[in-house]
Protein chains: 2
Amino acid sequence: MNSEDLCQVYRCLCDLTRLRILNLLGEDALCVCHIQQVLGESQVKISKHLAYLKSHHLVESERRANWMIYRICNTANPILEENLKCLQDLSSEDPVFMADLKRLRATDTSAACCPTAS
Amino acid sequence: MNSEDLCQVYRCLCDLTRLRILNLLGEDALCVCHIQQVLGESQVKISKHLAYLKSHHLVESERRANWMIYRICNTANPILEENLKCLQDLSSEDPVFMADLKRLRATDTSAACCPTAS
DNA sequence: GTCATATATACTCATAAAGGAATATACCTG
DNA sequence: CAGGTATATTCCTTTATGAGTATATATGAC
């Protein structure tokens, strides 16, 4: 971990859509279509942000039949860990994050497309 | 503090020059010319990044005669606090931050232009 | 093999950000 | 007031980022 890596972590975190995705993934591993559905955003948008997060090792993915399940990496990066924790704290105060989590919980993530992702 | 603010904090942090500036200001309040000198960057570049940090309330400035003294805001933002602390931890490991601090300590910040800034 | 579904990628456009050169402003000295 | 120094701002160019449309790929069902 050096200054460049640190910068890169912040680049990953400085987009609201990506923060919203990470907020969801903090709860559970999810497939693209569920993220898309909960956030109410287009497939391309979600897919591209996931690709971005993946390319910088914040998330990892695993194929299950037609679906790609994304989860937050088990990282050895303390700064990232710390910020994900902060995100979790804020998720109980911020209206956007709260609404997302509410919609997530109202969604049956084990049904429809993905079989129990986690 | 909401999700938009959070995003904005990360935007401030996702540029290496700004991180280097914050790393220096973590040590002491400094005038523009000293930051410029220690980082070896142009006046415009430093000035613009400081303006950016100031516009988002990460730093504040105070004029002393010809000089503008910048310091990190006493903020009530826990996420920012946390990340500045992380920056400080990393500054003893990362070559860029370490070299900057070394040059800072070799600079007489109380002389030349600014009278004791802090 | 075809078809449907889930996801990824390529291409394009619009906007933002970073940097440099030149210029403007603010302050001090005399 | 003029002249010098420190800093800020404007203008311009280049590059990066985000979003949309269309298309491609991967998998499963048949």
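Residue numbers begin at 1 in each chain, while the letters A, B, ... track the order of the sequences.
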What's the [atom1]-[atom2] distance between [X] and [N], to the nearest Å?
{"X": "B:Tyr10", "N": "D:dG18", "atom1": "OH", "atom2": "P", "result": "16 Å"}
{"X": "B:Gln37", "N": "D:dA6", "atom1": "CD", "atom2": "P", "result": "10 Å"}
{"X": "A:Arg20", "N": "D:dG18", "atom1": "CZ", "atom2": "P", "result": "15 Å"}
{"X": "A:Trp67", "N": "C:dA8", "atom1": "CH2", "atom2": "C1'", "result": "17 Å"}
{"X": "A:Ile46", "N": "D:dT21", "atom1": "CD1", "atom2": "P", "result": "15 Å"}
{"X": "B:Gln36", "N": "D:dA6", "atom1": "CD", "atom2": "P", "result": "9 Å"}
{"X": "B:Met68", "N": "D:dT5", "atom1": "CE", "atom2": "C1'", "result": "15 Å"}
{"X": "A:Leu30", "N": "C:dA6", "atom1": "CG", "atom2": "P", "result": "15 Å"}

Find the distance between CH2 (A:Trp67) and SG (A:Cys31) and round it off to the nearest 0.5 Å.
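These two atoms lie 8.0 Å from each other.
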Kindly write out the residues that satisfy side chain to side chain contact (heavy atoms under 4.5 Å, CB included) with [X], not counting sequence neighbours, or none if the list is empty.
{"X": "A:Asn77", "value": "A:Met1, A:Val9, A:Thr75, A:Ile79, A:Leu80"}
{"X": "A:Glu93", "value": "A:Leu90"}
{"X": "A:Arg103", "value": "A:Arg20, A:Val38, A:Ala99, A:Asp100"}
{"X": "B:Ile72", "value": "B:Leu22, B:Leu25, B:Leu84"}

Is the closest side-chain donor-acceptor distance between A:Asn83 and A:Tyr10 under 3.5 Å?
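No, no side-chain donor-acceptor pair sits under 3.5 Å.
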Under a 4.5 Å side-chain heavy-atom rule over Ile, Leu, Val, Met, Phe, Trp and Tyr, are A:Ile21 and A:Leu101 clustered together?
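Yes, A:Ile21 and A:Leu101 fall within the same hydrophobic cluster.
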Please write out each protein N/O paired with an N/O of nucleotides 20-23 of chain C under 3.5 Å, distance rounded to 0.1 Å.
unit_1: C:dG20; atom_1: OP2; unit_2: B:Ser42; atom_2: OG; d: 3.4
unit_1: C:dG20; atom_1: O6; unit_2: B:Lys48; atom_2: NZ; d: 2.5

Anything under 3.5 Å between a donor and an acceptor, one on a side chain of residues 44-52 of chain B, the other on a protein residue two or more places apart or in another chain? List them.
unit_1: B:Lys45; atom_1: NZ; unit_2: B:Glu41; atom_2: OE1; d: 3.1
unit_1: B:His49; atom_1: ND1; unit_2: B:Arg18; atom_2: NH1; d: 3.1
unit_1: B:Tyr52; atom_1: OH; unit_2: B:Gln8; atom_2: NE2; d: 3.2

Give the angle between the helix axes at the two ends of the helix from C:dG1-D:dC30 to C:dG30-D:dC1, taking five base pairs at each end and rounding to 10°.
20°
Between the main-chain N or O of A:Ser3 and the side-chain N or O of B:Asp94, is there a donor-acceptor pair closer than 3.5 Å?
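Present.
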Could you list the residues that satisfy side chain to side chain donor-acceptor pair (under 3.5 Å) with A:Asp15, not counting sequence neighbours?
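Partners of A:Asp15 by the side chain to side chain donor-acceptor pair (under 3.5 Å) criterion come out as none, since no residue qualifies.
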Sequence neighbours left out, what passes side chain to side chain donor-acceptor pair (under 3.5 Å) with A:Thr17? Give chain and number order.
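Side chain to side chain donor-acceptor pair (under 3.5 Å) list for A:Thr17, sorted by chain: empty.
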For D:dA19, take OP1 and OP2 only and decide whether either is under 4.0 Å from a side-chain N or O of A:His49.
yes
Can you find a side chain N or O atom of B:Ser47 that sits less than 4.0 Å from OP1 or OP2 on D:dA8?
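Indeed, a polar side-chain atom of B:Ser47 lies that close.
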Under 3.5 Å, which N/O atoms of the protein pair with N/O atoms of nucleotides 14-17 of chain D?
unit_1: D:dT17; atom_1: OP1; unit_2: A:Arg11; atom_2: NH1; d: 3.2

Under the salt bridge (charged side-chain N to carboxylate O under 4.0 Å, His left out) test, residues paired with A:Arg63 that sit two or more places apart
none
Whether each nucleotide of nucleotides 25-30 of chain D has a protein heavy atom under 4.0 Å at its base (B), only at its sugar-phosphate (S) or at neither (-) is summarised, 5' to 3', as -BBS--
Is the closest basic N to carboxylate O distance between B:Arg105 and B:Glu27 below 4.0 Å?
yes
With salt bridge (charged side-chain N to carboxylate O under 4.0 Å, His left out) as the criterion, how do B:Lys85 and A:Glu82 come out once you've worked through the C-alpha distance, each side chain's angles and the decisive distance to 0.1 Å?
CA-CA 11 Å; B:Lys85 207 181 299 173; A:Glu82 196 58 57; over 6 Å; no
